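I have placed the structure first, in the form of structure tokens, so that the comments after it can refer back to it.
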Amino acid sequence: MEAYLFYLLAAVTVIGTVLAITEKHPVHAIVYLVSSFFSLAAIFFLLAAPLIAMFEVIIYAGAVMVLFMFVIMMLDVGRSGDGLRPGLRQWLPAMLLAGVILALLGMMLAHGGWPAPGAGAAATLRDFSLTLFRQHGVAIEIISLQLLFAVVGALYFGKRRGP
Amino acid sequence: MKIVSDMTALLTGMWITWQHIFRRPVTIQYPEEKRTPYPRYRARIVLTRDPDGGERCVACQLCSAACPVDCISMQSAEAADGRRYAAWFRINFSRCIFCGLCAEACPTLAIQMTPDFEICKRDIMELLYEKEDLLIDGCGKSHDYNFYRHAGIGVTQPRGAGPKEKPPVDVRGLLP
Amino acid sequence: MIYDPLDIALMLAKIALVFFVILTLAAYLVFAERKVLAWIQDRKGPNRVGPFGLLQPLADLIKLLTKEDFRPIGADKWLFYLAPAMAAIPAIMIFAVIPFGAPLRLFGHTVQLQVADLHVGLLLFVALSSLAVYGVALGGWASNSKYALLGSIRGLAQLLSYELSMGLSLVPVVMLARSFRLSDIVAAQAGCWFIVYQPLAFMIFLISIAAECKRIPFDLPEAEGELVAGFHTEYSGMRFGLFFVGEYLNIIALGGLAATFFLGGWHGPLLPPVVCFSVKVLAFAFLFIWIRGTLPRLRYDQLMHFGWKILTPLALLNILVTAWWLVLRG
Amino acid sequence: MPKLIIDSISVEVADGTTVLEAAQSVDIPIPHFCWHPALGKAGACRVCAVKLVDGPVKGIQMSCMLPAQDGMVVSTTDPEAVAMRRHVIEWLMINHPHDCPVCDAGGECQLQEFTIAGGHGIRRYTGSKRTHVNQDLGPFIAHEMNRCIQCYRCVRFYQEYAGGTDFGVMGSAGKVYFGRFQDGQLESPFSGNLVDLCPTGVFTDKTARFRARYWDYEMAPSVCQGCSLGCNTTPVARYRELLKTTARQNKAVNGWFICDRGRFANNEVNDPQRPRTPLVDNRESSRDEALDALLLRIAQIEEQYGTGSIAIVGSPRLALEGALLLPLLAQCCSAGALCYFTSQEESDTTLFLTGLLSAERSASQQDVRKSDCIVICGCDPLQEAPMLALAVRQAWRNGGVVYVIGDGIDLPCTFTTVASLDAVPLADAKQPVLICSAANRPDLLAATLKQQTHLKLAVLFPEANSFGAAQLAMAQGAISLERAVASGTIKGIISVEADIPPQLLAGIPFVAALDWRLTEAVRTAQVFLPTTAWVEMDGTAINHEGRAQRFKKVMHPGLPLRGLGPAVHPPHIHRSTPPGGDPQPAWQIVALIIAGLSGERIAEPFSERWKRLRELEAESEGVMTHDL
């Protein structure tokens with residue numbers, strides 16, 4: 001049952017992502033990407049990581065993509081025919097990266113296969129938080145400071161200058 | 001403090017609307033309950049007659065000129081006695097907005113408005129009122145006005161016999 | 001994994017019940033809104049269909065279903081058809097995590113009166129409400145109409161802004177209940193409702209959910225005075241109906257959540273739990289209607305100003321204070 | 001060149017200009033009743049009062065009577081002047097009846113306008129009004145003396161300008177009466193202008209009596225089709241009916257007036273008998289059916305009798321657009337003859353006279369008015385083209401001498417009868433004009449014209465576009481229908497608004513007619529297509545001097561609402577085209593036939609040397625076509 005669900009969701013994720021990359025129309029691309037995120041969240045849920053699943057939806061589908069959409073609508077770039085399919089030159093770096101990832105994946109598989117998913121024992125919120133703040137406390141603080149700087153910087157740039 | 005006054009304002013508004021929930025509605029349930037419009041209510045248009053029974057309308061086209069929605073059309077004609085009248089006169093009530101400008105423009109007080117506001121029809125063509133539908137046997141709001149008595153050109157009375165008119169000039173008289 | 005057939009049956013029964021109840025409720029909420037608004041305005045409201053106009057929702061439904069399903073020229077076909085569903089579905093899905101009554105003993109089972117008792121229930125609500133944005137955004141964009149587009153741009157910005165303050169206002173609740181699970185939150189309020197500890201968070205949450213379901217005074221995405229009907233200007237028939245029902249489902253869902261987070265959920269004196277919960281939800285619905293009958297619409301810059309410069313800092317401050325208090329209390 | 005200041009605008013005008021004209025030249029309106037640009041001043045109405053603030057004259061003055069002088073400072077808005085004008089209007093209104101609703105001038109009445117503009121809304125006079133008895137002035141002019149404000153425009157026009165003797169002013173002081181000595185039809189052929197001239201409703205058009213109001217009129221600048229003079233008119237239509245025709249000013253052509261013949265010529269357009277539906281073998285059909293039938297018959301005739309058996313017949317009354325397309329039509333159906341004239345004699349004389357008329361030679365009505373020596377040779381202007389007679393009278397009033405060769409004609413001025421052209425002292429005259437007609441053959445003219453290079457020629461052609469037809473006939477080598485039929489090869493006639501006598505149609509197996517009049521050709525035609533009258537289309541006509549003038553569409557073709565049967569009121573039906581709305585301009589039908597024959601679509605009839613006429617404005621003075 002879970003396996004079927006997993007493959008179904010995985011297929012949706014992959015197809016959604018591919019379509020999001022190839023779609024010329026930015027709004028359509030966003031919709032594909034959002035559906036891809038959503039099925040990815042469901043996969044996380046199946047993998048007993050509900051918190052990650054929720055964050056996936058809240059942050060990526062609910063915030064980042066909405067912002068993208070907002071910008072697209074504001075700037076009115078959503079006209080079909082505006083976007084051109086990227087040429088081979090633009091594809092190259094992406095394909096290179098994809099090759100690297102695939103190679104790593106192959107190496108992992110060759111070296112002892114799959115790390116078993118933490119089936120059954122769902123990571124509780126408490127464990128998650130403890131891990132996050134105990135083990136990676138400093139990193140978290142640094143990241144949050146970085147975000148704060150970004151916000152302050154954005155405010156500074158966005159401020160209307162002069163009279 | 002501003003926030004306190006703002007909150008009070010909001011709550012006052014809420015309190016007023018709360019009170020209104022329990023008020024008696026002012027709605028009149030129209031088809032069942034009807035209210036009598038005032039005599040000067042501006043609804044269905046009629047054409048009136050002068051005290052002598054003649055048609056008041058002289059088809060001067062002022063009403064059709066005043067009409068903002070162009071719902072009045074007519075054709076004037078001349079009777080044997082020189083009286084100007086409407087050969088046909090049509091008001092398209094499907095267009096009429098009951099603004100009353102026609103009644104205001106009418107120099108002979110022929111067009112008047114009545115309180116009859118219930119003129120809905122199933123077929124829109126039935127809202128085309130012709131002269132025979134519009135003409136009533138009565139003077140409407142002015143009982144004693146007859147345009148032709150005051151016009152000064154002698155149609156209902158011999159020339160120079162109207163009120164405040166001198167008898168016709170004798171062209172061949174030599175006296176100044 | 002093997003599932004107990006009884007569990008599945010119970011689950012399906014609960015889903016069916018919730019569906020039936022909330023859809024009926026949504027339909028009658030529309031009716032109630034029209035009635036209450038009419039009373040506020042010294043009118044009588046719908047009273048023609050059935051006794052006291054009680055069959056009005058049915059008449060509305062028939063009207064919506066028989067209307068022409070219209071699609072404007074140049075509209076993006078699939079997104080145009082998808083958007084109403086995107087608006088209504090997240091609102092329905094929120095009900096999955098709302099506990100609407102005390103657990104029941106039935107055939108030897110303990111039956112949770114809740115469709116899914118997730119331990120990230122609160123997060124699921126936040127996630128779903130953030131997804132509800134897409135209905136507004138895609139519907140307005142796909143209509144190929146300037147009014148609809150303006151409405152959806154406003155909707156995007158507004159929902160994004162108020163989601164933030166809404167999420168932040170819930171953090172103290174989580175801190176008090178020490179759980180994201182809604183049944184835990186309800187259980188934590190068995191003694192004292194969180195509104196007592198967190199009046200500020202409650203106010204922020206209330207304002208934010210009013211903005212989330214695009215109600216007056218925050219109905220800028222569909223401001224009929226300026227944008228015809230905003231993001232759903234071009235919709236007709238049942239597609240418009242879905243947007244419409246989605247809005248009322250949202251009211252019920254958010255009312256239920258407000259009751260769950262701050263008013264003790266199904267806890268209540270005298271009355272049975274389910275009734276208590278229903279009374280609270282209906283009270284919220286009435287509050288929204290009452291506010292609609294009273295307040296004028298905000299200006300758009302006032303709306304954004306209020307969200308970002310007042311509500312969000314206040315919510316952050318509230319978190320800080322709560323955290324301090326919790327730490328001090330130990 | 002006096003220089004004066006009017007309302008702080010400085011104006012420089014020619015000597016002898018009045019202050020009123022000076023103000024008009026800089027678009028400052030001064031109300032006036034008795035003053036008229038064609039009639040001059042009378043000083044009768046006192047409504048053009050202005051105040052002279054500074055300069056040689058001071059105080060309130062009548063601007064129409066006051067010649068402009070150097071240093072004058074005029075104010076039209078001075079309170080004193082405004083009050084004066086307001087009081088004058090109030091005096092004029094004392095005896096004016098309150099009958100605007102039943103007056104035909106209501107809405108186009110200068111008195112009404114100035115009364116409202118002057119702010120005189122309430123009558124203060126409580127005494128009795130003076131009344132008059134009206135006269136019956138015949139079937140064209142209605143008389144309502146009570147409305148008179150004694151501006152004397154009517155009598156000045158009728159007696160001085162037009163030379164009429166049966167209408168005048170009688171009585172004195174408050175009894176002044178404008179009328180005939182006794183009831184009867186006005187004799188002057190220009191009496192209709194009283195309607196245009198009267199600033200209020202004393203004289204109104206009886207033919208259009210009580211029919212419509214100014215704001216409902218359908219109007220457009222047009223050109224009279226009554227004769228070849230091409231006087232400018234503004235026809236007025238309402239409910240698909242041509243109501244009346246009013247004069248339009250064109251300084252070079254008719255000046256300000258038109259004759260009664262052109263004015264009261266509505267019947268032909270409104271005629272209920274007018275053929276308005278396409279006919280195939282006398283059976284009503286649609287326009288497309290008739291076109292198809294026509295194309296089929298053309299092919300049949302060619303097959304049966306060989307090519308060259310069809311004659312395309314235009315006419316001098318056909319608008320230039322249609323006439324221009326006929327050569328193309330002739331080419332498309334390989335016609336044996338292209339004709340613009342039916343009779344050989346008319347063709348010969350018209351072509352001959354047109355050949356004489358160069359740009360320098362041809363005399364406009366303005367040239368006639370300015371002339372000091374006019375010779376009328378073998379024609380009767382008062383009968384053939386009345387406005388030219390009026391122009392001759394103006395020349396005579398200005399001191400010109402009028403000579404008439406031949407007898408039995410009448411003119412509204414005194415003239416000298418001479419035996420021949422040699423007896424006229426043409427060489428002494430500065431601007432002599434010779435008026436002759438296409439009805440006679442003045443062959444001897446050529447010699448005289450050669451000697452007298454400054455002699456101008458005004459030819460009276462019978463139809464509105466005779467000159468254009470002749471120009472085209474010359475260019476295309478067209479022959480007369482008489483000659484074409486005499487050759488015996490013509491077996492089919494396509495008549496485009498041509499007046500063909502029955503004897504020419506007698507032996508022809510196939511006749512097709514495009515026309516808006518019920519002519520002989522229409523009666524005998526197997527295929528008939530209705531065309532629009534000039535008021536129902538945009539078109540061009542070339543008048544007797546070679547001046548092309550544009551006339552605009554006044555109304556949509558269709559059976560007049562009044563002719564829709566005996567119903568009490570118009571029918572209650574929706575339709576997109578009015579009944580009888582089939583007619584199309586002749587040139588468009590010809591273009592359709594050409595398209596059917598050759599596949600070539602013609603959107604614009606003016607090509608090659610006529611291209612300049614595309615931009616011809618109806619309100620301009622026209623374009624001389626000699627050197628196009």
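No experiment lies behind these values; they were computed from the predicted model shown. Naming: A, B, ... by sequence-line order, numbering from 1 per chain.
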For residues Leu156(C) and Met69(A), determine if any side-chain heavy atom of one lies less than 4.5 Å from a side-chain heavy atom of the other. yes
For atom OH of Tyr147(C), is the number of surrounding heavy atoms from other residues, nucleotides or ligands below 6.0 Å larger than 12? no
Taken to the nearest 0.5 Å, the spacing of His28(A) NE2 from Leu138(C) CG works out to 8.5 Å
Verify the neighbour count for atom CZ of Phe38(A): are there more than 12 heavy atoms of other residues, nucleotides or ligands below 6.0 Å? no
Count the heavy atoms of every other residue, nucleotide or ligand shown that sit under 6.0 Å from CZ of Phe70(A), and state whether that count exceeds 12. yes
Part of Val66(A) lying under 4.5 Å from any heavy atom of chain C: both
For atom OH of Tyr81(C), decide whether the heavy atoms of other residues, nucleotides or ligands shown that lie under 6.0 angstrom number more than 12. yes
Has Trp78(C) got more than 12 heavy atoms of other residues, nucleotides or ligands less than 6.0 Å from its CH2? no
Quick check for you: to the nearest 0.5 Å, what is the distance between Leu51(A) atom CG and Phe180(C) atom CZ? 6.5 Å
Heavy-atom distances under 4.5 Å only: say whether Leu160(C) touches chain A with side chain, backbone, both or neither. side chain
Under 4.5 Å, heavy atom to heavy atom, which residues of residues 128-137 of chain C contact chain A? Ser130(C), Leu131(C), Val133(C), Tyr134(C), Ala137(C)
Chain A contact via Leu124(C) - side chain, backbone, both or neither, heavy atoms under 4.5 Å: both
Segment of Ala157(C) engaging chain A (4.5 angstrom heavy-atom cut-off): both
Can you name the closest pair of heavy atoms from Gly62(A) and Glu163(C) and give their distance? O-OE2, 4.4 Å
Which bit of Phe45(A) is near chain C, if near means a heavy-atom gap under 4.5 Å: side chain, backbone, both or neither? side chain
